[in-house]
Amino acid sequence: MSELDQQSVVGVLNHILESELAGVVRYTHYSFLVFGFGRIPIVEWLRQQADESLLHAQQAGEWITTLGAYPSLEIGPLLDSHTFDIGSILRESLEAENIALELYRELLALVQDRSVALEEYARQMIYAEELHAGEVDKLLRRPGALAASPGAAPLA
Ligand SMILES: [Fe+2]
């Protein structure tokens, strides 16, 4: 196995941590802005996403300290279009999730054949985030439409 580029790995893990923490804030914020008949399941779903993002942030943070580095206290960009429309909220979330997915792919490229545990972690996260992005994409489709929406990340 080749040597792990610790500094680059920690750099990407810190970006992941920041991006997942932004997810916690984003999903929580949006959960306050859902009105209308569909409110209850959508609020519940957004809060579940906030909890999942927190779990992902904690996992990234634990990896950073496992590698003997200091976790970032920054937070990723918070895209707020100040809209109450569920479609816009979901499109914005999908965009942010795709950024996180790219970071996990970046991590995988750095750790592949260098650390079994980190490679396993990166693959599990790509799997989880792709399923998640696929779910958001389905929420954005019109009933009866089979094709993925234009914002959906290509499966790699
Ligand atoms: Fe995540």
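Since the structure is predicted, the reported quantities are computational estimates derived from the model, not experimental observations. Because only heavy atoms are used, hydrogens play no part in the values below, and waters and symmetry mates are left out as well, while side chains stay in. The chain is numbered in sequence order, starting from 1.
The shortest non-hydrogen separation linking Glu18 to Ser72 is OE2-OG, 2.6 Å. Nearest approach of Val12 to Glu106, heavy atoms of both residues: CG2-OE2, 3.5 Å. The heavy-atom pair separating Ala60 from Ile16 by the smallest distance is CB-CG2, 3.8 Å. The two atoms that bring Ala50 and Val24 nearest to each other are O-CG2, 3.8 Å, heavy atoms only. Here the shortest heavy-atom pairing between Asp5 and Ser8 reads OD2-OG, 2.5 Å. Nearest heavy-atom pair, Arg47 versus Ser31, reported as atom, atom and distance to 0.1 Å: NE-OG, 2.8 Å.
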Evaluate the criterion salt bridge (charged side-chain N to carboxylate O under 4.0 Å, His left out) for residue pair Asp137 and Arg141; output intermediate values, then yes/no.
-> CA-CA 7 Å; Asp137 177 62; Arg141 291 184 209 172; 2.8 Å; yes
Under the salt bridge (charged side-chain N to carboxylate O under 4.0 Å, His left out) criterion, do Glu95 and Arg91 qualify, and how do the steps go?
-> CA-CA 6 Å; Glu95 203 182 307; Arg91 268 187 294 279; over 6 Å; no
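A continuous path of ILVMFWY side-chain contacts below 4.5 Å connects Phe35 to Leu90, so both sit in one hydrophobic cluster. Linking Ile, Leu, Val, Met, Phe, Trp and Tyr whenever their side-chain heavy atoms come within less than 4.5 Å leaves Tyr104 and Ile99 in two separate clusters. Placement of Leu4 and Met125 within a single hydrophobic cluster is found when ILVMFWY residues are connected by side-chain heavy-atom separations under 4.5 Å, directly or transitively. In the hydrophobic clustering of ILVMFWY residues, with side-chain heavy atoms under 4.5 Å counting as a link, Leu21 and Leu78 come out together.
No donor-acceptor pair closer than 3.5 Å links the side chain of Gln112 to the backbone N or O of Glu119. Although no hydrogens or angles enter the test, the distance criterion places a donor-acceptor pair under 3.5 Å between the side chain of Ser115 and the main chain of Leu118.
Side-chain contact of His132 with Glu52: a donor-acceptor pair under 3.5 Å is absent, judged by distance alone. Between the side chains of His56 and Glu129, a donor-acceptor pair is found at a separation under 3.5 Å.
For the atom pair CG of Leu103 and CD of Glu20, the computed distance is 9.0 Å after rounding to the nearest 0.5 Å. In this structure, CD on Glu97 lies 7.5 Å from OG on Ser19, to the nearest 0.5 angstrom. Taking CD of Glu120 as the reference point, atom CZ of Arg123 lies at 8.5 Å (rounded to 0.5 Å). Here OH of Tyr27 is found 13.5 Å from CG of Leu54. Values are rounded to the nearest 0.5 Å. Once rounded to the nearest 0.5 Å, the distance linking CD1 of Ile86 with CG of Leu33 reads 9.0 Å.
Other residues, nucleotides and ligands contribute at most 12 non-hydrogen atoms within 6.0 Å of the CD atom of Glu74.
With a 4.5 Å cut-off on side-chain heavy atoms, Leu13 and Leu17 do not count as touching. Leu107 has its side chain within reach of Tyr121: a pair of non-hydrogen atoms, C-beta onward, lies under 4.5 Å apart. Side-chain contact between Asp85 and Ile89 is absent, with no heavy-atom pair separated by less than 4.5 Å. The side-chain heavy atoms of His29 and Arg26, taken from C-beta on, include no pair separated by under 4.5 Å. With contacts defined as side-chain heavy-atom distances shorter than 4.5 Å, the pair Ile64/Tyr70 does not qualify.
Electrostatic pairing of Glu102 and Arg105 counts as a salt bridge here, judged by a charged N lying under 4.0 Å from a carboxylate O.
Screening Val34, Val136, Ile40 for a side chain to side chain contact (heavy atoms under 4.5 Å, CB included) with Trp45, the sole residue that qualifies is Val136.
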